[in-house]
Amino acid sequence: MHFSIPETEVRSGENGSTYVAFNIHVNSVLHCQVRYSQLLGLHQQIKKEYGNNVAPAFPPKKIFTLTPAEVEQRREQLEKYMQAVRQDPMLGASEVFNSFLRKAQQETQQIPTEEVPLEIYLSKSQKVTVNILTSDQTEDVLEAVASKLDLPDDLAGYFSLFLVREGVDGGLTFVRKLQDFELPYVSVTSLRSLEFHIALRKSYWDTAYDSDVMDNRVGLNLLYTQTVSDIERGWILVNKDQHRQLKSLQEKGSKKEFIRLCQTLKYFGYIQFDPCVTDFPEKGCHAIVSAGNNELNFQVKLPNEQMKEGSFKVTRMRCWRVTSSQVPVANGTASTSPCSSAQCEVKLELAFEYLMSKDRLQWVTITSPQAIMMSICLQSMVDELMVKKSGGSIKKMLRKRPNGSLHRSESQQAVKSPPLLDSPDPDREQIIKLSTKLSSVSLRGTSDVGGGNDFHGNYAFEGIGDDDL
């Protein structure tokens, strides 16, 4: 998650006094607004809990009123402080830090603690409503959803809550995975748009874990519902023969067989991002990026209109970073004016250093509003691989709170089966009949959906084109 303090505001306090408020953004979206004294209180708590040697440097107090230059300096220092705390494995996951952010988020949005209904989407057409408190954190809400669906606690850890945005065309954009430091109800309502929802989706990448989920009736229904939705939105590629087989399995009610067949299809379990721009293999290329199977998959449209496809394995990424910059915009077009005199948009980029060949590393950059979500996907893939390498398991129990504050409905709601699959998009097969090869990266041939050979090339994205098919 990317923490920043891009701006400050002068606010009115008690007795007509004024103070400087610092706007803390998470993933370029306002999370909370705090005063210097509140952050100082957080710093003192961290020092008390973890010691002076662990706490990052904090900007000192000033006796006199700060000048504009000093306010800007303090903003930069506080931003670095928040980033340092978040990036520390111990401090970033601490309850001291997370509870501070949750309380600040609720106070900023001025949402009182009360019981409310919250809709959680299971697919495009299915949702479940849970009764929660506005002050319930992400784990509380996930626990409430699991209870409402009758999903066992040991399987709830296989799923996560995501903030998603539904487009006018019905497309779905995954904005981010909800974190422990936020309140889901506050996060979604503060956006003040009906386009945003909270969705439940599996949070692992290795399809071997599907068997654990499918052993439970509710888990099977959730995975089945997600799979059908991914097919309908075009995230999983299906040809006509496979479509007929899947529809037959649906009609028979053979959900496990349906999922097992889908596991053999291209892009099963992937998350697809909105169209973006990349500098690979050439600058200014438009691309569709998907995350899954421990890789980022690129479907790239070159400047000469030729389509290419390649995959970058996380095991060959030396490192990656997310950067943000303010881009002035005026009247809907890019402007050279400074941000002070024009509306600014945040430009996000994900860049990773990739081992193209034995002795050649190359940086690849993706410009996308979902750059941070891509980074989160990469990190979760690496985390999962490390857990598996150490012999561990992703199965986990949700923490139980003896003094839990949830007030849930006792009624259970089963996940309904989605409607039968619609006929596949006739234009979709044209997209997938494109085979290329990427140096040092394994590629599946796409001339036949769901199968093919592996290709290995000496040059990035150099392979057969449309004329070779």
**Study point:** Student check: side-chain heavy atoms of Arg176 and Glu182 closer than 4.5 Å
**Key:** yes
Point to revise | Cys262 side chain near Leu246 side chain, heavy-atom distance below 4.5 Å | key: yes
Check your understanding: Do His31 and Phe3 make the cut of ring centroids closer than 6.0 angstrom?
Key -> no
Check your understanding: Taking atom NZ of Lys103 as the centre, does the number of heavy atoms from other residues, nucleotides or ligands within less than 6.0 Å exceed 12?
Key -> no
Exercise for review: Determine yes or no for a side-chain-to-main-chain donor-acceptor pair under 3.5 angstrom, with Asp88 supplying the side chain and Leu91 the backbone.
Suggested key: yes
Point to revise | From CA spacing to verdict: side chain to side chain contact (heavy atoms under 4.5 Å, CB included), Ser123, Gln226 | key: CA-CA 6 Å; Ser123 69; Gln226 175 183 309; over 6 Å; no
Review point. Among Glu139, Glu95, Glu107, which residue meets the salt bridge (Lys or Arg N to Asp or Glu O under 4.0 Å) test with Arg102?
Key: Glu95
Check your understanding: Checking side chain to side chain contact (heavy atoms under 4.5 Å, CB included) for the pair Val141/Leu161: CA distance, chi angles, key distance, verdict?
Key -> CA-CA 9 Å; Val141 177; Leu161 299 175; 3.7 Å; yes
Practice item. Search all heavy atoms of Arg233 against all heavy atoms of Arg201 and return the closest pair with its distance. Key: NH1-NH1, 4.2 Å
Review point. Is Asp136 reaching over with its side chain to a backbone N or O of Leu133, donor-acceptor style, under 3.5 angstrom?
Key: yes
Review point. Between Gln109 and Thr189, is any side-chain donor less than 3.5 angstrom from a side-chain acceptor?
Key: no
Exercise for review: For Glu114, look at atom CD and say whether over 12 heavy atoms of other residues, nucleotides or ligands are found less than 6.0 Å away.
Suggested key: yes
Point to revise | Beyond-backbone contact of Leu142 with Ser160, side-chain heavy atoms, under 4.5 angstrom | key: no
Check your understanding: Is the closest basic N to carboxylate O distance between Lys247 and Glu251 below 4.0 Å?
Key -> no
Point to revise | Side-chain ion pair, Glu309 and Lys266, N-O less than 4.0 Å | key: yes
Review point. Under 30°, 30 to 60°, or over 60°: which ring-plane class applies to Phe174 and Trp235, parallel, tilted or perpendicular?
Key: tilted
Check your understanding: Are any non-hydrogen side-chain atoms of Met374 and Trp320 less than 4.5 angstrom apart?
Key -> no
Review point. With side chains defined as the heavy atoms from C-beta onward, is the minimum distance between Asn297 and Gln299 less than 4.5 Å?
Key: yes
Check your understanding: Do Arg321's NZ or CZ and the ring of Trp363 fall within the cation-pi criteria of under 6.0 Å and 45°?
Key -> yes
Review point. Does any non-hydrogen side-chain atom of Val34 lie less than 4.5 Å from one of Leu78?
Key: no
Exercise for review: Compare all side-chain heavy atoms of Gln33 with those of Arg11 and state whether any distance is below 4.5 angstrom.
Suggested key: yes
**Study point:** Aromatic contact, Phe97 with Phe181 (centres under 6.0 Å)
**Key:** no
Check your understanding: Considering only heavy atoms from C-beta outward, does the side chain of Glu7 approach that of Phe22 to under 4.5 Å?
Key -> no
Check your understanding: Would you say Asp140's side chain and Gln137's backbone share a donor-acceptor pair under 3.5 angstrom?
Key -> yes
Exercise for review: Have a look at Tyr270 and tell me which of Phe268, Phe273, Tyr267 forms a ring-ring contact (aromatic ring centres under 6.0 Å, His included) with it.
Suggested key: Tyr267
Review point. Can we call the ring centroids of Phe280 and Phe312 under 6.0 Å apart?
Key: yes
Point to revise | Donor-acceptor side-chain pairing of Asn294 and Lys313 below 3.5 angstrom | key: no
**Study point:** Side-chain donor or acceptor of Glu295 paired with backbone N/O of Val314 under 3.5 Å
**Key:** no
Review point. Would you say the side-chain atoms of Arg165 pair up with the backbone N or O of Thr173, donor to acceptor, closer than 3.5 Å?
Key: no
